[in-house]
Amino acid sequence: MNPVVTRFAPSPTGYLHIGGARTALFNWLFARHHGGKFLLRIEDTDRKRYSPEAVEAIYGGLKWLGLDWDEEPVSQFAGRARHQEVAENLLASGGAYRCYCSPEELTEMRERAREAGSARLYDGRWRDRDPVDAPAGVDPVIRLKAPQTGETVIEDAIQGTVRVGNDQLDDMILVRADGTPTYMLAVVVDDHDMAISHVIRGDDHLTNAFRQAQIYGALSWELPVFAHMPLLHGSDGKKLSKRHGALGVETYRDDGFLSDAMNNYLLRLGWSHGSDEIISRDEAIEWFDLDAVGRGAAQFDMDKLTSLNGHYIRHAGDAELLELVRPILEKLLGHGIEIDALARLKSGLSGLKERAKNINELSENALFYVHKRPLPVDDKARKLLDEQGRRMVDIARDELAGISNWSHDELENSIRDAAAARDENLGKLAQPLRAALTGSNVSPGIFEVMEILGREETLGRLEDAVSTP
RNA sequence: GUCCCCAUCGUCUAGUGGCCUAGGACAUCGGCCUCUCACGCCGAAAACGGGGGUUCGACUCCCCCUGGGGAUACCA
């Protein structure tokens, strides 16, 4: 068996969208699993749609996902001389021919074929015609002299045996009238030259595989293993594409998703390993193979991604989270974070991360740890700090001021005792305290918050609350 | 139109002829925990599209229908 070499071949027309990311992930995983190579090829043959920014965006997306590629990315456009050379060889060997049809003739043929219910859109009229008949002043295209009988069969690693009658396929164009290679030719030549062993790509290429197989045949080249993975669908059940709801991966990054969560989610869309749901990168590499890829299209489900993201946030290290949260907080604050505030933030993260679905939410919830006094107080918290609430805060403040050992348990004992002494529920005291200390009615455990805030800051915030009516 | 592919809870899926009274996860709905919110835990509801075969026995194999998707360019 040939060494495993896979490739991801996006066209640089924009960001790396979610479907492309999944294709890239599967290729990467397959290569890593087999100790092979994962190559990148930019399909930039169409110069009208090419943009260097798009190429950078694709690199950026892959890097964010942690899908590192081997060797320098290949530019398909740069290989056009080689594509032409192959076409010339095919011409010389009789595997291809020049066709002088005008666009009008072609549309007419197409219409007629449709009416007749035929799949062959081109009737092969120049296939055996003598080139001396060529009309003057017409630049010909080069077409493949495809087999007209028999069938083309693909042994697809995911879809199984897929076959089509050769009478369904017409002589495709290899080189355009302007001398540039078409996609069909370019992919085949590039995949061959790059020694790609496994072509893993979206289902939408399945019918292209037939045509490509014919080109391989004409060239007497060995066929790679094809593996056509099912497409990603939107919630309407239609193919997800850039113009149909597929967002770039960086959008998810900006929305606070962790790359590990994204990878895990994408992996489980169309691939499974028993009933495992949480799958680490290492496990994915160890377990991934094509035989466990499903054959039906999968719908993108934001809820499940979000749930996975929550899991990965809860299990992320505080240092990693701090890196992610800090710039967001500084933006929210409009200034840098001072050293003591940073220390509070760092200690607060473990309690905060239990409660966040994404990094943006985590940041917002962390804001009270780093905000300077006086704290902004939201409406619900304001309600808790009514006259009665402020009285509770006042009681708590007196109680807390007498504490010698500022620790979670001490704090809790003291407040619980104070509540019990007044025959009140803990919540009666805790909620106004929460409002005063965090400016919100929702936060991590209130004794944890007080411990992290420290004596001075805690007492200060309580003072602020009682003194501002 | 033609060709190709697909088909298990709402969604992602397990299941490769008897282990299925169809399992898990997300979402949903109850409950527990509890200083709020989460987390966590317990529980409920929820699926093999239809019809024919094959077989002692089909979610599993075959055929048809239906439904869905994809491809039908001198785009990639």
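Sequence lines set the chain letters: A, B, ... in the order given, protein chains first and strands last, and positions in each chain run from 1. The model shown is predicted, which means the values in this text are computed figures rather than measured ones.
RNA chain B lies under 4.0 Å from at least one heavy atom of each of the following residues of residues 351-363 of chain A: A:Glu354, A:Arg355, A:Lys357.
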What nitrogen or oxygen pairs link the protein and nucleotides 3-5 of chain B at under 3.5 Å?
residue, atom, partner, partner atom, Å
B:rC5, O3', A:Gln159, OE1, 3.4
B:rC5, O2', A:Gln159, OE1, 3.3

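Here A:Lys353 pairs with A:Asp318 in a salt bridge; the nearest charged N to carboxylate O distance falls below 4.0 Å.
In this entry B:rU55 has no Watson-Crick or G-U wobble partner, no candidate having both defining distances under 3.5 Å. Look at B:rG43: its Watson-Crick or wobble partner, with both distances under 3.5 angstrom, is B:rC29. When Watson-Crick and G-U wobble pairs are counted only if both distances are under 3.5 Å, B:rA71 pairs with B:rU2.
Taking atom NE2 of A:His273 as the reference point, atom P of B:rG24 lies 19 Å away to the nearest angstrom. Remark: P of B:rC37 and CG of A:Leu426 are 13 Å apart, rounded to the nearest angstrom. When rounded to the nearest whole Å, the span between CE of A:Met229 and C1' of B:rG69 equals 15 Å. The distance between atom CZ of A:Phe8 and atom P of B:rA76, rounded to the nearest whole Å, is 17 Å.
Taking side-chain N and O atoms only, A:Arg416 has a distance below 4.0 Å to OP1 or OP2 of B:rC35. At the phosphate of B:rA14, OP1 or OP2 sits under 4.0 Å from a side-chain N or O atom of A:Ser272. Remark: A:Arg211 is not in phosphate contact with B:rU72, judged by side-chain N or O atoms under 4.0 Å from OP1 or OP2.
Closest to the side chain of A:Arg434, out of B:rC35, B:rA76, B:rA73, is B:rC35. Residue A:His233 places its side chain closer to B:rG69 than to any other of B:rU36, B:rC12, B:rG69. Picking from B:rG40, B:rA25, B:rA76 the nucleotide with the shortest atom distance to the side chain of A:Glu277 gives B:rA25.
Residue pairs satisfying the ring-ring contact (aromatic ring centres under 6.0 Å, His included) criterion with at least one member in residues 140-166 of chain A, sequence neighbours excluded, are absent.
The distance between the ring centers of A:Trp126 and A:Tyr100 falls below 6.0 angstrom.
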Would A:Tyr312 and A:Phe257 count as a ring-ring contact (aromatic ring centres under 6.0 Å, His included) here? Give the steps.
CA-CA 9 Å; A:Tyr312 276 94; A:Phe257 288 94; over 10 Å; no
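Using a 4.0 Å heavy-atom cutoff across all strands shown, A:Pro444 reaches at least one base atom of the nucleic acid. A:Leu433 comes within contact range of no nucleotide atom at all, as no heavy-atom separation falls under 4.0 Å. In this structure, A:Gln76 reaches the sugar-phosphate backbone alone: every heavy-atom distance under 4.0 Å involves primed, P, OP1 or OP2 atoms, never a base. Backbone-only engagement by A:Asp303 is indicated by non-hydrogen atom pairs under 4.0 Å involving sugar-phosphate atoms exclusively.
Shown here for A:Val449 and A:Ser443, the closest heavy-atom pair between the two residues is CG2-OG, 4.2 Å. When every heavy atom of A:Asn208 is checked against every heavy atom of A:Tyr183, the shortest pair comes out as ND2-CE2, 4.1 Å.
Ring geometry, A:Tyr252 versus A:Phe300: the interplanar angle falls from 30° to 60°, so the pair is classed tilted.
For the side chain to side chain donor-acceptor pair (under 3.5 Å) with A:His228, the qualifying choice from A:Arg201, A:His205, A:Gln159 is A:Arg201, the only one to do so.
The base of B:rA76 is paired with the side chain of A:Asn208 by a donor and an acceptor separated by under 3.5 Å.
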